[in-house]
Novice: 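Quick one: the structure is below, and I'll ask about it shortly.
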Amino acid sequence: MSAPAARVANGATPAADVLGVDALTCRFGGVIAVSEVSFGVRPGEVFGLIGPNGAGKTTLFNLVTGLTTPTGGRLRYQGRDITGLPPHRIAALGIARTFQNVRLFGELSALQNVMIARHVRTTSGLVSGVLGLPSARVEESVTRQRAMALLELVGLADRPDEQGRNFSYGDQRRLEIARALALEPQLLLLDEPAAGIPAAETGEVFAVLAGLPSDVTILFIEHDMDLVFRFAERITVLVGGRVLMEGTPDEVARDARVREVYLGDAQDA
């Protein structure tokens, strides 16, 4: 089994977890989607989350990003309790995500898609922008430059003016990653980044992720086990909303329970 893809180093790694999930629970009526799930994601780590259909993986992402409110347990981000915070406050703290189904603005250009996301980090208000004040013009110029740099990072800088709907599905995935990175996240959540992408294009998407600076911590869901084992440093396996095990890719691959409930199942959700 190959080692995780190397990323750009930037110095020593702090010991404290970037994300702490403590006995997290979510009920929808009588259905328990996530039940007392606990794990921690370390700074700069690439952490995989896998499991069969209905394991609760996307629900857990929704809990971390504030789209769903937990019914029990706690979420900590850089030591701060973020349990129950709304999505915009969580994003402002430095947590960004992509979705299983691409959610781009199809009628907008690639550059505009990234710039819109970047505006969460700007300080000029609507009035300043409308009046064309110098501070707003400078900030807009910086936003454009940063957005172009992100398009360069994901390999789409040669098509900044092309509408999002015209990109291939793999390129849309890369554009969505650029948009998420525009939030300047310290924690990036990727919900099946290779879903729906032809096999020939998945390497390009994961090459982008492997090239990110190591101060961007990645938590990802993926059904392609070859990609999980190549890219993740640690993996948590969910089954029926509960943690089955956590370990390195080698440890997960060797575990008989995992092979029985997941690795023999080609489907995921």
Novice: I'd like to know if the side chain of Thr25 and the backbone of Glu36 have a donor-acceptor N/O pair within less than 3.5 Å.
Specialist: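 At least one qualifying donor-acceptor pair exists.
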
Novice: Which residue pairs satisfy the ring pair (Phe, Tyr, Trp, His ring centres under 6.0 Å) criterion with at least one member in residues 30-70, sequence neighbours excluded?
Specialist: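 The answer is Phe39-Phe47.
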
Novice: Which atoms form the tightest heavy-atom contact between Pro249 and Ala232, and what is the distance?
Specialist: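 Smallest heavy-atom distance, with atoms named: CG-O, 3.2 Å.
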
Novice: Can you confirm whether Ile218 sits close enough to Val41 that some side-chain heavy atom of one is under 4.5 Å from a side-chain heavy atom of the other?
Specialist: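 With C-beta onward as the side chain, the pair stays apart.
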
Novice: Any side-chain heavy-atom pair from Leu209 and Val46 closer than 4.5 angstrom?
Specialist: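 The answer is no; the side chains never approach within 4.5 Å.
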
Novice: Are Arg174 and Asp171 packed together at the side-chain level, in the sense that at least one heavy-atom pair is separated by less than 4.5 angstrom?
Specialist: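 Side-chain contact under 4.5 Å: yes.
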
Novice: Please round to the nearest 0.5 Å and tell me the distance separating atom CG of Leu150 and atom CG of Leu156.
Specialist: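 Spacing of CG (Leu150) from CG (Leu156) equals 11.0 Å.
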
Novice: With a 4.0 Å cut-off on N to O distance, would you call Glu260 and Arg257 a salt bridge?
Specialist: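 No, this pair does not count.
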
Novice: I need the minimum non-hydrogen distance between Gly51 and Lys57, along with the two atoms involved.
Specialist: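 Nearest pair, atom of Gly51 first, then Lys57: O-NZ, 3.0 Å.
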
Novice: Report yes or no: does Asp255 contribute a side-chain atom to a donor-acceptor pair with the main-chain N or O of Val258 at less than 3.5 Å?
Specialist: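 Yes: the side chain of Asp255 pairs with the backbone of Val258.
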
Novice: Is the side chain of Gln163 donor-acceptor paired with the backbone N or O of Arg165 at a distance under 3.5 Å, no angle test?
Specialist: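 Judged by distance alone, no pair lies under 3.5 Å.
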
Novice: Mark yes or no for whether Tyr77, through its side chain, and Ile90, through its backbone, hold a donor-acceptor pair below 3.5 Å.
Specialist: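 Flag not set: sc Tyr77 to bb Ile90 has no pair under 3.5 Å.
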
Novice: Quiz question: by atom type and distance under 3.5 Å, do the side chains of Asp81 and Thr83 form a donor-acceptor pair?
Specialist: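 Per modelled atom types, Asp81 and Thr83 side chains form a pair under 3.5 Å.
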
Novice: Atom CZ of Arg42 and atom OG1 of Thr217: how far apart are they, to the nearest 0.5 Å?
Specialist: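 Interatomic distance, Arg42 CZ to Thr217 OG1, rounded to 0.5 Å: 11.5 Å.
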
Novice: State, to 0.1 Å, how close Ala180 and Thr98 come at their nearest heavy-atom pair, and which atoms those are.
Specialist: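 Residues Ala180 and Thr98, closest heavy atoms: CB-CG2, 4.2 Å.
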
Novice: Between Pro185 and Leu181, is there a side-chain heavy-atom distance shorter than 4.5 Å?
Specialist: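 When only atoms from C-beta onward are counted, Pro185 and Leu181 do touch, with a gap below 4.5 Å.
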
Novice: Side-chain contact, heavy-atom cut-off 4.5 Å: Leu85 with Leu93?
Specialist: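 Leu85 vs Leu93: side chains touch.
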
Novice: What I'd like to find out is whether the side chain of Leu227 reaches to under 4.5 Å of the side chain of Phe220, using heavy atoms alone.
Specialist: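 Leu227 vs Phe220: side chains apart.
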
Novice: Rounded to the nearest 0.5 Å, what separation is found between the CG atom of Leu187 and the CG atom of Asp215?
Specialist: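 Rounded to the nearest 0.5 Å, the CG-CG separation comes to 12.0 Å.
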
Novice: In this structure, which one of Met245, Met225, Arg259 forms a side chain to side chain contact (heavy atoms under 4.5 Å, CB included) with Val252?
Specialist: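 Passing option: Met245.
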
Novice: Distance check, rounded to the nearest 0.5 Å: Ile116 atom CD1 versus Leu108 atom CG?
Specialist: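 Answer rounded to 0.5 Å: 5.0 Å.
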
Novice: So does Ala157 get a backbone contact from the side chain of Glu152, meaning a donor-acceptor N/O pair under 3.5 Å?
Specialist: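 Not confirmed, Glu152 side chain does not pair with Ala157 backbone.
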
Novice: Can you confirm whether Val154 sits close enough to Leu175 that some side-chain heavy atom of one is under 4.5 Å from a side-chain heavy atom of the other?
Specialist: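 Val154 vs Leu175: side chains apart.
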
Novice: Tell me whether the count of non-hydrogen atoms from other residues, nucleotides or ligands lying under 6.0 Å of CZ in Arg74 goes above 12.
Specialist: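 Not more than 12 within 6.0 Å, no.
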
Novice: Looking only at heavy atoms, what is the nearest atom pair of Ala16 and Pro43, with distance?
Specialist: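 Heavy atoms of Ala16 and Pro43 come nearest at O-CD, 3.0 Å.
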
Novice: Got a donor-acceptor contact below 3.5 angstrom from the Glu222 side chain to the Gly48 backbone?
Specialist: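 Such a contact is absent between Glu222 side chain and Gly48 backbone.
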
Novice: Is the shortest side-chain heavy-atom distance between Asn62 and Arg97 below 4.5 Å?
Specialist: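 In short, these two side chains touch, coming nearer than 4.5 Å.
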
Novice: Rounded to the nearest 0.5 Å, what separation is found between the CD1 atom of Ile95 and the CD1 atom of Ile82?
Specialist: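 Atom-to-atom, Ile95:CD1 and Ile82:CD1 are 4.0 Å apart.
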
Novice: How close do Leu153 and Val208 get, counting heavy atoms only, and between which atoms?
Specialist: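 For Leu153 versus Val208, the nearest heavy atoms are O-CG2, 4.2 Å.
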
Novice: Report yes or no: does Thr59 contribute a side-chain atom to a donor-acceptor pair with the main-chain N or O of Ala33 at less than 3.5 Å?
Specialist: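 Between the backbone of Ala33 and the side chain of Thr59 there is no qualifying donor-acceptor contact (under 3.5 Å).
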
Novice: Say whether, by atom type as modelled, one donor and one acceptor occur between the side chain of Glu176 and the main chain of Leu104 under 3.5 angstrom.
Specialist: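 Absent.
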
Novice: Would a distance-only check, ignoring hydrogens and angles, find a side-chain to backbone donor-acceptor pair under 3.5 Å from Thr236 to Leu49?
Specialist: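 Judged by distance alone, no pair lies under 3.5 Å.
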
Novice: Testing Val21, Val37, Leu24 for side chain to side chain contact (heavy atoms under 4.5 Å, CB included) with Pro70, which one passes?
Specialist: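 Result for side chain to side chain contact (heavy atoms under 4.5 Å, CB included) with Pro70: Leu24.
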
Novice: Among all residues two or more places apart in sequence or in another chain, which pass the salt bridge (charged side-chain N to carboxylate O under 4.0 Å, His left out) test with Glu246?
Specialist: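 By the salt bridge (charged side-chain N to carboxylate O under 4.0 Å, His left out) rule, Glu246 matches Arg234.
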
